[in-house]
Colleague: 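Got a structure here, written out as structure tokens. Questions coming.
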Amino acid sequence: MVPLLVLVGKQTQHQAHATSLAAVVVMGAVGAATFAADGQVDVGLALALAAGSLFGAPLGARIMARTAEGPLKIAFGVLMLVVAGLLLWS
């Protein structure tokens, strides 16, 4: 979603990340509710992940806000390539 928001939506890298995170909240809630209805959610693990995000998300947002757009694009691109590689080789 972030690359599309930058290329097509003409947003800055920072705006694209923030917009994507806002959209993910809604998508995640709907997806989680659907999986929960099927009994596929590990509630304890979900709560632990949520608790961790209460500390990690603000920290990550502050780091991102202080990072210039060029290095942010490079870091995001590298992350995408690493994740793609892990998906292909697993």
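None of these values were measured; they are calculated from a predicted model.
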Colleague: Could you walk me through whether Leu21 and Val25 pass the side-chain contact (heavy atoms from CB on, under 4.5 Å) check?
Modeller: CA-CA 7 Å; Leu21 287 171; Val25 170; over 6 Å; no

Colleague: Where do Ser53 and Pro58 come nearest, in terms of heavy atoms and distance?
Modeller: O-CD, 3.6 Å

Colleague: Roughly how far, to the nearest 0.5 Å, is NE2 of His14 from OG1 of Thr19?
Modeller: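 Separation between the atoms: 12.5 Å.
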
Colleague: Could you walk me through whether Gln13 and Val2 pass side-chain contact (heavy atoms from CB on, under 4.5 Å), step by step?
Modeller: CA-CA 8 Å; Gln13 194 74 18; Val2 172; 3.7 Å; yes

Colleague: How long is the straight-line distance from CD1 of Ile74 back to OG1 of Thr67, given to the nearest 0.5 Å?
Modeller: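 One gets 11.5 Å once the value is rounded to the nearest 0.5 Å.
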
Colleague: Report the C-alpha separation of Leu4 and Met1 in whole Å, then their side-chain angles, then the decisive distance to 0.1 Å, and conclude whether the side-chain contact (heavy atoms from CB on, under 4.5 Å) test is met.
Modeller: CA-CA 5 Å; Leu4 186 66; Met1 184 181 308; 5.7 Å; no

Colleague: Other residues, nucleotides and ligands only: do more than 12 of their heavy atoms fall within 6.0 Å of CE on Met80?
Modeller: no

Colleague: Side-chain heavy atoms under 4.5 Å apart, restricted to Ile/Leu/Val/Met/Phe/Trp/Tyr: what other residues fall into the cluster of Leu72, or is it alone?
Modeller: Met64

Colleague: How long is the straight-line distance from OG of Ser20 back to CD of Gln11, given to the nearest 0.5 Å?
Modeller: 9.5 Å

Colleague: Write down the atom of Val6, the atom of Ala16, and the distance for their closest heavy-atom approach.
Modeller: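 Closest heavy-atom pair between Val6 and Ala16: CG2-CB, 3.6 Å.
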
Colleague: Using 0.5 Å steps for rounding, measure from the NE2 atom of His17 to the CG atom of Leu5.
Modeller: 10.0 Å

Colleague: How many angstroms lie between atom CZ of Phe35 and atom CG of Asp42, to the nearest 0.5 angstrom?
Modeller: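 Separation between the atoms: 14.0 Å.
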
